[in-house]
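To start, the structure itself, in structure tokens.
Below, chain A is the first sequence line, B the second, and so on; all start at residue 1. Heavy-atom basis, side chains included; hydrogens, waters and symmetry copies ignored.
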Amino acid sequence: MWLLAIGLSWAADSNPVQDQIWRKLASRDAFEGCQALSALGTPEQVRDALLVLSAAEAPAWVPMRAASCVVPLAAQDPLALAAVRGWMTDPAVPGLALVVVNELDQLPEPLAKELAVSAVDRMKVDARFARRAPAALESSVHASVRELSAGAK
Amino acid sequence: MWLGGLGLLSGCDPEFAEGEEDDLRTLSAVWTSGSDGRSEISFDVEGESSFLVTLRPEAGYSAFVETLTDPDGNQVLVGSDFTSGSYEFTNAVYADAVSSLGWPITDGELSEGTWTLGVGVVDEQLYFANGVDFEVEAQLKEDTTFSEGELAVDVVYAGSAVGDGEVIAAVEEAVAYWEDIYADIGITLDVRYWDIESDDPLNAPGVGSGDTYESIAETTRFRAINVVIVDSLTDTGLFGMAGGIPGPLFATGQSAVVVSASMHSGDDLAFSNGEIAILGETMAHEAGHFLGLFHPVESTYDLWDVLDDTPECSSADECQAVLENNLMFPYPVCDSNSCVPQNELSDGQAAVGNRYVAVR
């Protein structure tokens, strides 16, 4: 509900930190990476902007890049963790769930394994996600994630 | 046919092997960097209208162009003017594992006679390196006009993009839009589609997966730009990248443009009409880099292309106001759910693209 509210607020009134982050995320060529965003605001401002932009409609890669910067925060930030868990089960955002799977190596193994379990469950019901997720699971640095992937075959 | 001869620093210069491929005159040789890591490479222009020279040193080294001297002895390119300046002209002035220079870039005739490249070769710490072998490959084209031409494009589905019906449908529609964009600058696309097995995911050209890109370039047409469609890239934040500005025509690990399909399909992994349009713009944009086009302004707003007819602006708001529809603008300009079309190129940008040797 909170995510929905801030998502809707994006169109109505943007803010300077969010605008700057949007331009970084929207770049057509090289993305400077999530670290480059930290200079654009306080950690909370950057996180909030990323959560809002993970619900952006256009261009398509902005929510994907925003999500990729939210995932590493999930180990320490409850709001980021709630968002990441939500993406893994929300049928409307298989792309964001795929981003989570691609970024599992950045998370502690217990959390990575929890999210990988969600991914394996999702693979049973989401064909687009199922086509793409196994490669990331199979190549994870976390042994428990790789084992889950092998068991899902 | 002996075309070299001014290599004062390297002592004994190699002989170019000359050939012809796909209506281009080609020159090939292996050079060795001189005692100070520099070499002078000379070749003759025999009535052609533009050339592309690509340098590829042995593994672990990079090459760059320090100077270009015309047959009258004028230095028409001095790399240091651009490496420390506020304008972007060619990435050949930066050290890279594969470095290409197209000429002319903006205006001027390609006069007949002997042209000389001053080339530097450096190691991984960017120290000049002597005694390093590097390939020199040149292609020269005759073209009666720089206002129209045909560009061969080989669209290559790689890895898990092969056989993906949703991706194929989106790409074909996006290519149709790209054809419209380039038609406005007089370039007709001759598109062919290929399926190639590869590792999955791939790195971007110039970052990694060099063997794959070189193999693709050896398989597809010589005088064509390779646009490789992958599901996703190893660097998951990337969705499109050109192998150079300009890119090399002969087969190297950077002889391609790569585009990630999944990044264009967004959070639902399904292509909307707007996403297909942006996919077409991305292919046209990255191919534009490959032809030699820079962003009219970088998103730091303190670095511009050299073209006179792309406005010089210095803030996000100012630049969006004058360049938001330009194909080479560094990011799409969007509101909460749609983006403005970025499908325009200036006359100067069109001329740069038409000079690239693959455009016949």
Side-chain angles (χ1 to χ4, degrees), chain A residues 7-12 14 16 19-20 22-34 36 52-69 71 87 90-103 126-136 139, chain B residues 159-160 164 166-167 199-201 204 206-207 231-242 245 260-272 274-279 281-282 285-286 288-289 295 298-299 316-317 320 327-340 342:
Chain A
L8 291 173
S9 75
W10 178 48
S14 205
D19 286 349
Q20 289 183 68
W22 185 89
R23 290 194 186 100
K24 295 279 187 189
L25 297 176
S27 170
R28 275 199 188 274
D29 301 294
F31 172 47
E32 295 169 67
C34 302
V52 170
L53 294 171
S54 68
E57 292 287 323
W61 54 89
V62 163
M64 307 284 268
R65 282 178 172 166
S68 74
C69 294
V71 175
W87 296 334
D90 183 348
V93 292
L96 301 190
L98 184 64
V99 170
V100 174
V101 172
N102 283 329
E103 302 294 333
D126 184 337
R128 289 192 177 107
F129 179 78
R131 266 205 311 273
R132 296 168 169 93
S139 62
Chain B
S160 57
D164 185 325
E166 288 180 303
V167 169
D199 295 336
D200 197 16
V207 178
D231 187 71
S232 60
L233 289 158
T234 304
D235 180 344
T236 52
L238 282 178
F239 65 92
M241 181 75 85
I245 310 176
S260 159
S262 63
M263 284 292 275
H264 282 83
S265 57
D267 59 8
D268 61 359
L269 295 180
F271 289 95
S272 67
E275 287 163 350
I276 290 170
I278 289 188
L279 175 62
E281 289 171 359
T282 296
H285 177 104
E286 298 305 333
H289 284 315
H295 299 150
E298 295 298 345
S299 47
D317 289 343
Q320 286 179 200
L327 177 68
M328 299 310 294
F329 197 63
Y331 56 86
V333 177
C334 311
D335 62 19
S336 59
N337 55 22
S338 65
C339 304
V340 301
Q342 288 187 323

Given that the side chain runs from C-beta out, which part of [X] has a heavy atom under 4.5 Å from chain A: side chain, backbone, both or neither?
X: D231(B); answer: side chain
X: S260(B); answer: neither
X: E298(B); answer: neither
X: A270(B); answer: both
X: F271(B); answer: neither

Checklist entry - Does the side chain of Y331(B) pick up a donor-acceptor pair with the side chain of Q342(B) at under 3.5 Å? => result no
Item to check | Option in H285(B), E281(B), H289(B) with maximal non-hydrogen atom pairs under 4.5 Å from chain A | outcome: H285(B)
Checklist entry - Which residue out of C339(B), P330(B), P332(B), S338(B) racks up the most heavy-atom pairs below 4.5 Å with chain A? => result P332(B)
[X] vs [Y] side-chain heavy atoms within contact, under 4.5 Å:
X: L269(B); Y: R131(A); answer: no
X: S262(B); Y: R132(A); answer: yes
X: W61(A); Y: I278(B); answer: yes

Segment of [X] engaging chain B (4.5 angstrom heavy-atom cut-off):
X: S27(A); value: both
X: N102(A); value: side chain
X: Q20(A); value: neither

Item to check | Test log, rule side-chain contact (heavy atoms from CB on, under 4.5 Å), inputs V101(A) and F129(A) | outcome: CA-CA 10 Å; V101(A) 172; F129(A) 179 78; 3.7 Å; yes
Item to check | S299(B) side, atom OG; E32(A) side, atom CD - distance, nearest 0.5 Å | outcome: 6.5 Å
Checklist entry - So which of A67(A), P91(A), A92(A) has the largest heavy-atom pair count under 4.5 angstrom toward chain B? => result A92(A)
